[in-house]
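Have a look at the structure below, then the notes.
Note that this is a predicted model, so its numbers are computed, not measured.
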Amino acid sequence: MSAIATARAARVTCARMRPRTVLITGASSGIGRALAVEFAARGARLALAARRVEELERTLALVREKGSDGIVLPLDVSEAAGVEDVVARAARDLGGLDMVIANAGFGGQTAAAALQWEEVVPMLRTNIEGAIATLVAAVPIIMAQKSGHLVGISSLAGRRGLPQAATYSATKAALSAFLESLRLDLAPAGIRVTDVQPGFVRTPGTAHATNPMPFVWPVEKAARVIARRLERAPAMISFPWPLAMLTAFARILPHWLYAPIVRAGAKS
């Protein structure tokens, strides 16, 4: 990278920007819906993508209550072949895409001894293939515009393996690595890329969780913090800070020390 390109990328990263058009996958509930409402309140027009059309219509109604508008795009990201057409339609109908948020995903707890491949595959297809397909489809659009912001919703759970979360932790680690590579490749062109790593967030997906959820945040707070921090387009957004600090420290622990600590925490 030349010194001029590096300086330009740094200026782009530091500039505060509110997107005017945003595509969000997984917008039918949870963080995706809350982000749609938050960006609508900030004046953005939304492309709302997910499988459940009725729930997407409810999200659109909430967007309109905030004085904005958008479009509903039925999409199952686990069927990666259909993602490109949906992203292209979002760009066409909104007149461009300032931001694309690959948010669709789900989690679950399964002990390693009980893992079955047919139950692992859907999470791989949604959390990895679906998210990456969304971002890949957006890259040429963003490049042609010569501006834009690509965002992936990964997780603090991707920083290191967790008990009963082998598949989930692996999918989020994969997404984080993909986003980092995108950032390295696209920064010279002034394209922003951010990896959002939430901790525990209270959503329909976590409503029946039996594992401990330390420092859990309401979904509205999570969306507000994500939207505000995305204005600066940092490489990473992680929260809440106590859990982000703990997981950062955990990454440098040797396995013989990490294992008993995390096992004890999972049982508490």
Side-chain angles (χ1 to χ4, degrees), residues 25-26 29-32 34-35 77-78 101-132 135 151-181 194-223 225-226 235-268:
T25 66
S29 66
I31 292 176
L35 282 172
V77 297
S78 69
I101 304 178
N103 165 75
F106 68 97
Q109 292 177 266
T110 305
L115 285 173
Q116 297 185 31
W117 180 242
E118 60 268 24
E119 295 175 356
V120 169
V121 169
M123 197 179 295
L124 298 180
R125 286 182 174 163
T126 299
N127 295 9
I128 299 179
E129 291 186 25
I132 290 177
L135 297 166
V151 181
I153 308 297
S154 63
S155 172
L156 292 177
R159 292 185 170 185
R160 195 151 185 184
L162 296 172
Q164 301 185 38
T167 307
Y168 183 70
S169 289
T171 63
K172 295 305 183 179
L175 179 56
S176 289
F178 184 80
L179 289 162
E180 185 169 30
S181 291
T194 300
D195 179 8
V196 179
Q197 299 183 353
F200 296 105
V201 178
R202 202 170 297 283
T203 67
T206 61
H208 304 293
T210 58
N211 59 305
M213 294 198 298
F215 310 108
V216 62
W217 276 17
V219 69
E220 295 81 8
K221 179 180 179 180
V225 167
I226 292 169
M236 182 186 300
I237 297 170
S238 58
F239 59 86
W241 72 263
L243 197 57
M245 292 293 290
L246 285 171
T247 53
F249 177 67
R251 295 179 76 172
I252 66 173
L253 292 178
H255 179 76
W256 64 265
L257 183 55
Y258 172 75
I261 293 173
V262 74
R263 287 188 188 118
K267 293 177 182 177
S268 63

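With rounding to the nearest 0.5 angstrom, the OG1 atom of T171 is 11.5 Å from the CD atom of E129. Rounding to the nearest 0.5 Å gives a distance of 10.5 Å between NE2 of H255 and CG of L257.
For R160, the CZ atom sits in a packed shell: over 12 heavy atoms of surrounding residues, nucleotides or ligands are nearer than 6.0 Å. The number of heavy-atom neighbours closer than 6.0 Å to CE of M213, taken from other residues, nucleotides and ligands shown, is above 12. Residue E180 qualifies as open at atom CD: its count of foreign heavy atoms under 6.0 Å is 12 or below.
Using a 4.5 Å cut-off on side-chain heavy atoms (C-beta onward), L156 and F200 make no contact. Under the 4.5 Å side-chain criterion, counting only non-hydrogen atoms from C-beta, P122 is in contact with F106.
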Between F239 and W217, does a ring pair (Phe, Tyr, Trp, His ring centres under 6.0 Å) hold up when you go through it step by step?
CA-CA 9 Å; F239 59 86; W217 276 17; 4.6 Å; yes
As a quick check of understanding, evaluate side-chain contact (heavy atoms from CB on, under 4.5 Å) for I31 and V219, giving each step before the final call.
CA-CA 6 Å; I31 292 176; V219 69; 4.0 Å; yes
Decide side-chain contact (heavy atoms from CB on, under 4.5 Å) for L135 and L175; before the verdict, give the C-alpha distance in whole Å, the side-chain angles of both, and the deciding distance to 0.1 Å.
CA-CA 10 Å; L135 297 166; L175 179 56; 4.2 Å; yes
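What you find for A104 and T25 is that their closest heavy atoms are N-OG1, 3.0 Å. The shortest non-hydrogen separation linking A166 to L115 is CB-CD1, 4.3 Å. Shortest non-hydrogen contact noted between A102 and A131 is CB-O, 3.8 Å. When all heavy atoms are compared, the tightest approach of P163 to V262 is CD-CG2, 3.7 Å. The two atoms that bring M123 and G107 nearest to each other are CE-C, 3.7 Å, heavy atoms only. Shortest non-hydrogen contact noted between L243 and G199 is CD2-CA, 4.0 Å.
With no hydrogens or angles considered, a side-chain donor-acceptor pair links D195 and S176 at under 3.5 Å.
N103 places no side-chain N or O within donor-acceptor distance of the main-chain N or O of I153, the cut-off being under 3.5 Å. Side-chain atoms of T194 do not come within 3.5 Å of backbone N or O of M236 as any donor-acceptor pair. In this structure, the side chain of T206 engages the main chain of V201 through a donor-acceptor pair within 3.5 Å. Side-chain atoms of S238 never come within 3.5 Å of backbone atoms of Q197 as a donor-acceptor pair (strictly under, hydrogens ignored). Side-chain atoms of S169 come within 3.5 Å of backbone N or O of A157 as a donor-acceptor pair. Side-chain atoms of N127 do not come within 3.5 Å of backbone N or O of Y168 as any donor-acceptor pair. Between the side chain of R202 and the backbone N or O of E220 there is no donor-acceptor pair closer than 3.5 Å.
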